[in-house]
Amino acid sequence: MDSKFTKPYNPTENESAIYELWEKSGYFTPENLPNATEGPFTIIMPPPNANGQIHAGHALFVTLEDIMIRYKRMKGFKTLWLPGTDHAGFETQVVYEKKLEKEGRSRFNMDRDKLHAEIIDFVQTYKKATEDGLRKLGASCDWTREKFTLDPDIIQTVYDTFKQMFDDGLIYRGKRIVNWCTKHQTSLSDLETLSENRKDKLYYIQYGPLVVATVRPETMFGDVAVAVNPNDERYKQYLGQELEVQTPIGKMKLKVIADEAVEKDFGTGALKITPAHDANDFEIGQRHNLPTIEVIDCYGKLNEKTGKYVGMKINEAREAVVKDLTEMGLLLKTEDYEHNVAICYKCGRIIEPRIIPQWFVKMDQLAQKAIVAVREKKIRIIPNHQEKIFCHWLDNIRDWNISRQIVWGIPIPAKLCEKCDYAIVDIENKKTICPECGGKLIKDSDTFDTWFSSGQWPYATLGYPDSNDFKTYYPTDVMNTASDIIFFWVARMVMFGFYRTGQIPFHTVYLHGLVRDAKNQKMSKSKNNVIDPTVIAEKYGTDALRMALVVGNTPGTDMALAEDKIKGYKHFANKIWNITRFILENSPKQEELNIDLTPIDEKILAEFRALTANVTNDMENFRFHLASEKIYQYAWHTLADVILEESKPIIFGKEETDRLSRIKILNVILLDLLKLLHPFMPFLTETIWQDLPQVKEEMLLVTRWPE
RNA sequence: GGGCGGUUAGCUCAGUUGGCUAGAGCGUAUCGUUGACGUCGAUAAGGUCACAGGUUCGAGCCCUGUACCGCCCACCA
């Protein structure tokens with residue numbers, strides 16, 4: 001017997017060599033598969049951000065996708081799992097800014113090109129680390145097709161989409177109110193803001209004959225009207241009138257308008273309208289053709305239109321204005337007030353709504369098609385209840401701001417007129433004169449929201465429109481990703497997919513939950529509870545980690561990952577190892593096993609076949625948490641605890657037919673068990689497979705799944 | 001303000017179309033140096049399946065309501 005099996009199983013001794021064996025075989029590339037009798041099966045990997053260490057969430061998605069891919073490969077499908085990494089625009093820029101801050105530097109006094117070059121270097125390092133991490137986790141993906149979100153062909157696809165959408169009127173440049181982060185100096189999409197409950201004051205201020213209630217008295221200098229509900233009897237007499245309003249810096253004139261958006265019962269029922277600094281007011285302003293007066297600058301400070309308050313930060317200015325109003329007798333009442341405010345999802349600072357020209361995507365039509373696809377089950381979302389969430393979001397979607405004032409990203413291929421603000425798409429970068437006014441055109445310095453490009457990932461990576469890959473592998477089969485990016489990413493992929501290819505991008509969306517720590521807390525650096533999967537893999541083996549991530553983890557549900565659980569599956573790996581040893585030790589040469597089975601062995605074998613069918617059924621229905629547990633239970637508590645124990649007297653006994661029959665089925669079960677287990681514990685099973693004397697196929701990786 | 005999920009053994013969680021005498025892992029207790037494995041084995045304790053109604057021959061699972069926990073969405077200043 002091979003001496004290898006006499007020692008306990010040592011994962012770290014074997015894993016990298018096994019991975020190398022697979023990778024060198026070329027079987028990760030579907031075209032090289034020896035007997036792919038079935039059609040294509042495709043998963044496009046959600047590209048990890050190339051800006052940090054690989055974490056437990058990556059380990060989970062790699063495990064799930066690798067399970068699907070390995071299973072389908074063994075089923076004879078032409079399996080493509082296309083890997084990639086993401087430049088992750090704003091996310092990476094924020095990470096890099098933090099690094100700059102630590103070094104006492106700032107992006108705002110750096111040359112644009114220098115900053116860009118530095119981030120490229122930074123990303124390259126992490127890109128490499130991410131790729132290594134994926135290999136360590138056993139990802140059987142096709143590295144020959146690896147993509148990066150800034151590859152020239154990807155950018156070209158993104159540009160073509162931008163142009164086409166612009167020509168179709170689905171993209172427009174508009175001067176509209178957007179979410180502005182005063183720290184990061186960029187606008188953000190609605191998804192990139194969070195809302196936070198805050199306790200503020202509600203101030204009742206005398207506005208001429210009326211009283212308005214506001215939490216932001218410092219914006220009063222940007223007021224252009226006072227709005228009331230059209231059915232509010234109290235104010236009917238004032239409609240259309242111009243009020244003379246006293247402020248600490250002089251008098252201003254405000255028209256009284258009527259708008260349905262004003263609630264009669266809130267505050268005094270009279271609302272001051274500041275279109276330049278409030279999204280709601282902006283829309284009211286649009287409806288009534290009101291002008292806009294900006295009084296707060298991009299740093300969140302009051303500007304020269306506010307007289308003596310110029311240069312003050314918003315909070316300072318608020319206090320100062322309140323103090324002055326009080327002294328002037330214009331502040332009538334102050335109430336405690338609890339409300340939600342939008343904050344930047346990265347730094348938590350309050351979003352300052354600002355009016356700046358940005359590129360927007362019109363969402364209505366795109367969204368409706370995506371909703372129909374899901375409602376009609378052309379796209380299936382697992383877990384099912386996410387379909388409702390998906391559709392609800394799309395049903396209430398607003399136009400999407402895709403411009404970002406950051407360096408790290410795909411530049412928007414557009415020109416802007418210095419004189420008249422005319423905007424034009426210019427992918428070839430050739431236009432210099434404004435067709436409207438003859439003014440000089442300058443390049444738009446903004447970059448795309450990273451999701452504008454990653455939303456096109458499924459067809460962009462496959463070389464849409466003309467490549468063979470696109471024709472062969474699109475629409476793809478499964479999109480597996482974390483449920484928290486269903487809107488950011490999944491919804492956008494569906495919309496873009498329809499728009500550009502006329503087809504769904506994938507048939508099934510499999511959403512997984514978050515990996516939390518043993519105490520069910522979110523992993524975070526500050527809590528020091530982050531599990532580094534590569535460290536865990538070193539300690540317990542990748543297979544043990546994979547099992548721990550899969551067994552009992554239902555789709556869409558967050559899971560608690562305890563080190564003890566991982567340790568348990570290390571023991572399981574050793575158990576399989578020793579089952580193998582026991583069977584091999586007691587197996588004579590193969591030719592002696594050409595005998596009929598005893599009735600009891602027939603029964604044992606039938607039970608195993610039933611398990612196989614059961615597991616296969618689970619695999620087909622994405623119930624990996626059940627499939628893995630069933631294999632575990634069978635291997636340990638049926639095969640090892642019962643069958644092997646009962647086999648000892650038979651094997652060491654004198655009844656030759658019983659003995660050979662038993663040995664025969666043990667060998668059959670062992671081989672098939674390794675196959676069932678392979679998608680879950682690929683390293684262990686392949687390591688064993690490579691040393692089995694009775695094995696004919698060169699690699700378990702491409703062996704047929706048992707029927 | 002809307003929506004979604006959860007509540008099952010001490011802990012973490014499974015439980016597929018209602019058939020369950022409700023399971024697993026870890027933990028706990030007792031026993032076992034058997035010629036695969038002590039990274040082991042055997043045995044055991046531990047549950048009104050959140051609560052209250054209902055449907056059904058039968059409910060952890062379906063329906064109605066309640067409570068608590070978590071999450072998401074939302075332009076009443």
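The shown structure was predicted, so the numbers you read here are calculated from the model rather than taken from an experiment. Just so we're on the same page: letters track the sequence lines, and every chain starts at 1.
- Between A/Thr481 and A/Trp489, the side chains place no donor N or O within less than 3.5 Å of an acceptor N or O (distance only, hydrogens not considered).
- With rounding to whole Å, A/Asn197 atom CG is found 14 Å from B/C71 atom P.
- Taking every side-chain heavy atom of A/Leu644 into account, B/A36 is the closest of B/A36, B/C75, B/A74.
- Taking atom P on both B/C4 and B/C40, the two are 45 Å apart, rounded to the nearest angstrom.
- With B/A24, B/U16, B/A36 as the candidates, the nucleotide lying closest to the side chain of A/Asp618 is B/U16.
- In this structure, A/Asn574 reaches the bases: a heavy-atom distance under 4.0 Å links it to at least one base atom across the strands shown.
- At least one donor-acceptor pair closer than 3.5 Å links the side chain of A/His277 to the backbone N or O of A/Ile296.
- Between B/C75, B/C76, B/A36, one nucleotide has an atom nearer to the side chain of A/Phe266 than all others, and that is B/C76.
- A/Glu645 contributes a side-chain N or O that forms a donor-acceptor pair with the base of B/A36 under 3.5 Å.
- Between A/Gln633 atom CD and B/G15 atom C1' the separation is 13 Å, expressed in whole Å.
- Taking atom CG of residue A/Asp558 and atom C1' of nucleotide B/C69, one finds them 13 Å apart after rounding to whole Å.
- Of the candidates A/Lys565, A/Arg516, A/His512, A/Lys565 is the only one forming a side-chain contact (heavy atoms from CB on, under 4.5 Å) with A/Met559.
- Nearest to the side-chain atoms of A/Val215 among the listed nucleotides B/A14, B/A77, B/U16 stands B/A77.
- Residue A/Leu271 is in base contact, counting any heavy-atom pair closer than 4.0 Å across all strands shown.
- Note on A/Glu263: a base of the nucleic acid sits closer than 4.0 angstrom, heavy atoms only.
- For the P atom pair drawn from B/U39 and B/U28, the interatomic distance equals 15 Å after rounding to whole Å.
- Between the side chain of A/Gln206 and the main chain of A/Gly208, a donor-acceptor pair closer than 3.5 Å is present.
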Begin with the C-alpha distance, continue with both residues' side-chain angles, and end with the deciding distance and a verdict on side-chain hydrogen bond (donor to acceptor under 3.5 Å, both in side chains) for A/Gln358 and A/Ser187.
-> CA-CA 9 Å; A/Gln358 301 278 279; A/Ser187 66; 2.5 Å; yes

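- Among the nucleotides B/G5, B/A36, B/U16, the one closest to the side chain of A/His385 is B/G5.
- At a threshold of 4.0 angstrom between heavy atoms, the contacts of A/Lys264 with the nucleic acid are absent.
- Minimum atom distance to the side chain of A/Arg581 is reached by B/A36, of the listed B/A36, B/G5, B/A74.
- Going from atom NZ of A/Lys567 over to atom P of B/G38 covers 15 Å, rounded to whole Å.
- Using a 4.5 Å cut-off on side-chain heavy atoms (C-beta onward), A/Leu191 and A/Trp400 make no contact.
- Nucleotides B/A42 and B/U34 have their P atoms positioned 14 Å apart, rounded to a whole Å.
- With respect to A/Glu387 and A/Lys377, a salt bridge is recorded, a charged nitrogen being found less than 4.0 Å from a carboxylate O.
- Summary of the strand contacts: A/Leu202 and A/Leu639 both lie near RNA chain B, and taking for each the nucleotide with the nearest heavy atom, the more 5' one is attributed to A/Leu639.
- Proximity of a side-chain donor or acceptor of A/Asn621 to a complementary backbone N or O of A/Arg623 within less than 3.5 Å is not detected.
- The residue A/His637 sits close only to the backbone: its heavy atoms come under 4.0 Å of sugar-phosphate atoms, none of a base.
- If A/Asn614 and A/Ala213 are placed on RNA chain B by their nearest nucleotide, the residue sitting closer to the 5' end is A/Asn614.
- Among the protein residues, A/Gly568 comes within range of no part of the nucleic acid, since none of its heavy atoms lies under 4.0 Å from any strand.
- Rounded to whole Å, the P atom of B/U16 lies 14 Å from the corresponding atom of B/G23.
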Tell me, with the steps shown, if A/Leu676 and A/Tyr634 meet side chain to side chain contact (heavy atoms under 4.5 Å, CB included).
-> CA-CA 11 Å; A/Leu676 295 183; A/Tyr634 180 86; over 6 Å; no

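- Spacing between B/U33 and B/A14 at atom C1', rounded to whole Å, works out to 36 Å.
- Donor-acceptor pairing under 3.5 Å, judged by distance alone, is absent between the side chain of A/Lys539 and the base of B/U39.
- Of the candidates B/G25, B/U39, B/U12, the closest approach to any side-chain atom of A/Ala560 belongs to B/U12.
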Watson-Crick and G-U pairing of RNA chain B, under 3.5 Å, as dot-bracket with | and [ ] | (((((((..((((.....[...)))).(((((.......))))).....(((((..]....))))))))))))....

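- Out of B/G25, B/A36, B/A14, the shortest distance to the side chain of A/Tyr632 is found at B/G25.
- Counting any heavy atom pair closer than 4.0 Å across all strands shown, A/Asn520 reaches sugar-phosphate atoms only and no base atom.
- Among the protein residues, A/Thr580 comes within range of no part of the nucleic acid, since none of its heavy atoms lies under 4.0 Å from any strand.
- Atom NZ of A/Lys519 and atom P of B/G70 are 18 Å apart (whole Å).
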Side chain to side chain contact (heavy atoms under 4.5 Å, CB included) assessment of A/Leu666 paired with A/Leu639 = CA-CA 9 Å; A/Leu666 289 180; A/Leu639 180 60; 4.2 Å; yes

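- Rounded to whole angstrom, the span from the CZ atom of A/Arg198 across to the P atom of B/A77 amounts to 13 Å.
- Of all nucleotides listed (B/A42, B/A36, B/G25), B/A42 comes nearest to the side chain of A/Asp641.
- For the pair A/His571 and B/C37, the criterion of a side-chain N or O lying under 4.0 Å from OP1 or OP2 is not met.
- Residue A/Ala640 is in base contact, counting any heavy-atom pair closer than 4.0 Å across all strands shown.
- Contacts of A/Arg516 with the nucleic acid, taken as non-hydrogen atoms under 4.0 Å apart, are absent.
- One atom, CG of A/Leu626, and another, P of B/U17, lie 11 Å apart when rounded to the nearest Å.
- When heavy atoms are screened at a 4.0 angstrom cut-off, A/Lys272 is found touching no nucleic acid atom at all.
- Closest to the side chain of A/Val262, from the set B/A77, B/U12, B/C40, is B/A77.
- Of the residues A/Ile688, A/Ile576, A/Thr580, the one that meets the side-chain contact (heavy atoms from CB on, under 4.5 Å) test with A/Leu670 is A/Thr580.
- Judged by distance alone with a 3.5 Å cut-off, a donor-acceptor contact links the side chain of A/Lys575 to the base of B/C37.
- Between B/A22 and B/C63, the two C1' atoms lie 22 Å apart (nearest whole Å).
- Comparing the same atom, P, in B/G58 and in B/G46 gives a spacing of 29 Å after rounding to whole Å.
- Spacing between B/U7 and B/C61 at atom P, rounded to whole Å, works out to 11 Å.
- Protein atom CD of A/Glu629 is 13 Å distant from nucleotide atom C1' of B/U16, rounded to whole Å.
- Looking at heavy-atom distances under 4.0 Å, A/Tyr337 makes contact with sugar-phosphate atoms alone, never a base.
- The distance between the ring centers of A/Tyr204 and A/Tyr337 does not fall below 6.0 angstrom.
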